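Everything below concerns the one structure shown next.
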Amino acid sequence: MSVRVRMAPSPTGYLHVGTARAALFNWLYARHHRGVFIVRIDDTDQERSTQEYEDEILASLRWLGLDWDEGAGVGGPHGSYRQSARYDRYRTAAIELVESGRAYYDERSAEELDELRKRAKSEGRHPGHYIRRPDVAADSGPIRLAIPQDERVVFDDVVRGTVSFEPQDLDDFVILRSDGSPTYHLASTVDDVDYEISHVARGEDLLPSTPKHIVLTRALGHDAPVYAHLPLLFGTDGRKLSKRHGATALNDYRSRGYLAEAVFNYLATLGWSPDADTTIFSRETAIEAFDLEDVNKAPAAFDPDKLAWMNGEYVRGLAPEDFNTAVRPHVETAMGRGLAEEEWRQFEQISSLVQERTKLFPEAGEQVVFLFSDIESYDENSWQKVMAKEGVAEILDEALRALSDLEAWTAAGLETALRSMIEKIGVGAGKALQPIRVAVTGSSVSPPLFESLAVLGRDRSLERIARAREELG
RNA sequence: GGUCCCGUCGUCCAGAGGCCUAGGACGCCGGCCUUUCAAGCCGGAAACGCCGGUUCGAAUCCGGUCGGGACUGCCA
């Protein structure tokens, strides 16, 4: 059987990391089996669907590297399409189901339906227990599918194994709204049939809907696809992933400078791994090793710390020029202005040192602003820890003396000069160098000192040391 | 309430009856390196929810129990 899978986001919000992860697994499965990956825009919720969200979701998918297949026979421009373009098809399908007796119009009011649900609940039954075809046929209102009550719905879920539902626990759900628009259940099922979807891998939240989709598919005269229900994503506190846990929109990670490769890798490790001890792996490795059967059943927690670590792994693996390109906008953001080419060349002199200690790009930007703008204020903790100590004034005086007539203002020259100063005054290297670092960079955390001084230049370096000396009184 | 799903270190993943005194990763703790911070290296603490059963032998199979989650809509 050839593999044809789809990703079906609703354009009612940004692409959630959980949805992205489901898309990723579908994509991996398709690529592993050299099958087809389709993106379907489930915009049957006309109230909340917007073009803006649709564009954003597609852009996020592209950024992650999840390309969908053109010419997949779905009629859309690029192997993606909108359900809103197919309303006639869904309506026709629903009406045919009514004509064949598989579905019916339901004129009952919301109040009547509520009564039936309440009654079922009070009897300890499934709420939909009594939502069945009324004795008197109607010819308007929403269309409901009549669930055959004579047999259980059983299916083999690729990740969960055999799952079964009793028909009395399935209500006759609405497939076509009274305004003629299809519900998600109808549109999704009809599309899976029409586009010959072989495997449906989606979030576990849809597991209770699956028996309905199977019954509907059969009513349409087809065999159901293979289902795989993926575990949901949670926060590290075990609660549902929400804004409290940080960004939940994939796009936020993109705009914060996370590398797509890192996000791809991290998302893939949530519920799956290529083997016992590989954590960092390429797309190719993932494609090679991936199988839906190996996906975990249990929900996974999204851990921002681990993602940050992984991003750092990828940042360090970047070619220097790629790192420079990626970090530049973040330096400029930290600066609050664009960088002149002259300044940029200065940065490039120490960029490899910055790259080594970068996990997240915004942090890297903040670490180098001292190169291009005056120190407006010293970092509070750094000052307390380093400057508010005995003998610091003397150390700065000595540094000024040692450096003011230094011939070779290079990292090597600076190191020689400062080390002989250290020997002369007889204090530890750390104790002597830290005050200089704070004076020059404003913080006790910075790129390596000698290189920083070299790039900053003689005048500004000496100026800053002198100014810090004055602050000390 | 009802239906369904899930349950290995704090977190992610490995483990498909003996290879498990449970392995790898993040995080955490300690050390080395070192001008800071990172990186790197070395070491450490840390888990099979619980109770029964099957078996010579169970993290792995079965039952129960407890806990968590999803769904329960003319949203998806």
Side-chain angles (χ1 to χ4, degrees), chain A residues 8-10 12 42-45 47-49 106 110 113 117 120-129 141-144 157 159-161 163-166 168-171 173-179 181-185 187-188 202-211 229 231-232 234-240 266 269-280 296-303 305-310 312-313 316 353-359 363 367 382 385-386 415 418-419 422 428-434 436-438 441 443-450:
Chain A
S10 308
T12 54
D42 278 16
D43 56 351
T44 49
D45 182 345
E47 294 290 300
R48 299 189 297 146
S49 296
D106 184 5
L113 263 9
R117 291 195 181 94
K121 273 184 143 175
S122 70
E123 292 173 10
R125 298 178 188 277
H126 185 90
H129 188 80
I143 295 177
R144 289 180 185 277
D157 187 287
V159 339
R160 270 145 229 288
V163 181
S164 76
F165 290 81
E166 298 297 332
Q168 56 266 35
D169 294 327
L170 269 20
D171 58 325
F173 60 102
V174 171
I175 57 176
L176 196 76
R177 300 187 189 104
S178 49
D179 68 359
S181 67
T183 61
Y184 155 75
H185 300 297
S188 175
R202 51 176 23 168
E204 190 192 342
D205 52 334
L206 290 170
L207 190 52
S209 296
T210 300
H229 286 90
L232 263 19
F234 290 88
T236 45
D237 57 359
R239 313 279 318 175
K240 193 164 171 249
Y266 180 66
T269 66
L270 262 24
W272 180 79
S273 76
D275 58 55
D277 40 38
T278 304
T279 304
I280 302 288
N296 268 171
K297 300 171 197 286
F302 184 90
D303 182 358
D305 285 342
K306 190 161 185 177
L307 206 210
W309 162 78
M310 193 172 278
E313 291 288 307
R316 283 187 289 284
L353 299 173
V354 176
Q355 180 174 3
E356 283 170 26
R357 59 211 73 215
T358 297
K359 263 189 186 151
E363 297 170 358
Q367 236 184 65
S382 301
K385 213 171 58 188
V386 175
E415 175 158 14
L418 288 172
R419 288 209 185 280
I422 286 166
K431 201 161 163 38
L433 264 20
Q434 276 301 83
I436 301 174
R437 182 191 307 281
V438 174
T441 72
S443 166
S444 60
V445 175
S446 82
L449 183 61
F450 306 129

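Bear in mind the structure is a predicted one, so any value in this text is a computation, not a measurement. Note on naming: letters A, B, ... go to the chains in the order of the sequence lines (proteins, then strands), and numbering restarts at 1 for each one.
The residue A:Ser10 sits close only to the backbone: its heavy atoms come under 4.0 Å of sugar-phosphate atoms, none of a base. Across all strands shown, A:Gly124 has heavy atoms under 4.0 Å from sugar-phosphate atoms exclusively, and none from any base. When heavy atoms are screened at a 4.0 angstrom cut-off, A:Gly271 is found touching the sugar-phosphate backbone but no base atom. If you check every strand for non-hydrogen atoms under 4.0 Å, A:Leu449 touches a base. Residue A:Arg117 is in sugar-phosphate contact alone, with no base atom involved, counting any heavy-atom pair closer than 4.0 Å across all strands shown. Nucleic acid contact class of A:Lys297 (heavy atoms, under 4.0 Å, all strands): sugar-phosphate only. Residue A:Val445 is classed as a base contact, given a heavy-atom separation below 4.0 Å to a base. No engagement by A:Pro9 is indicated, since no non-hydrogen atom pair under 4.0 Å with the nucleic acid exists. Nucleic acid contact for A:Val386: none, since no nucleic acid atom lies under 4.0 Å from a heavy atom of the residue.
In this model, the phosphate group of B:C12 is not approached by any side-chain N or O of A:Asn296 to a distance below 4.0 Å at OP1 or OP2. In terms of phosphate contacts, A:Ser382 brings no side-chain nitrogen or oxygen within less than 4.0 Å of OP1 or OP2 of B:U36.
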Do nucleotides 20-26 of chain B as a string where each nucleotide becomes B, S or -: B if the base has a protein heavy atom under 4.0 Å, S if just the sugar-phosphate does, - if no protein is that close.
---BSBS
Using a cut-off of 4.0 Å between protein heavy atoms and nucleotide atoms, how would you tag nucleotides 42-47 of chain B 5' to 3' with B, S and -?
------
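The A:Phe450 side chain lies nearest to B:U35 when the options are B:A38, B:U35, B:C12. When distances are taken from the side chain of A:Asp205 to each of B:A70, B:U36, B:C74, the shortest belongs to B:A70. Each of B:C5, B:G1, B:G7 was ranked by its minimum atom distance to the side chain of A:Pro127; first place goes to B:G1.
Pair assignment for B:C12: B:G24, on the basis of Watson-Crick or G-U wobble contacts that are both within less than 3.5 Å.
Here A:Glu356 pairs with A:Leu353 under the side-chain contact (heavy atoms from CB on, under 4.5 Å) rule; sequence neighbours left out.
Between A:Ala301 and A:Tyr266, the shortest heavy-atom contact is O-OH, 3.8 Å.
One can find a donor-acceptor pair under 3.5 Å joining the base of B:C37 and the side-chain atoms of A:Arg357.
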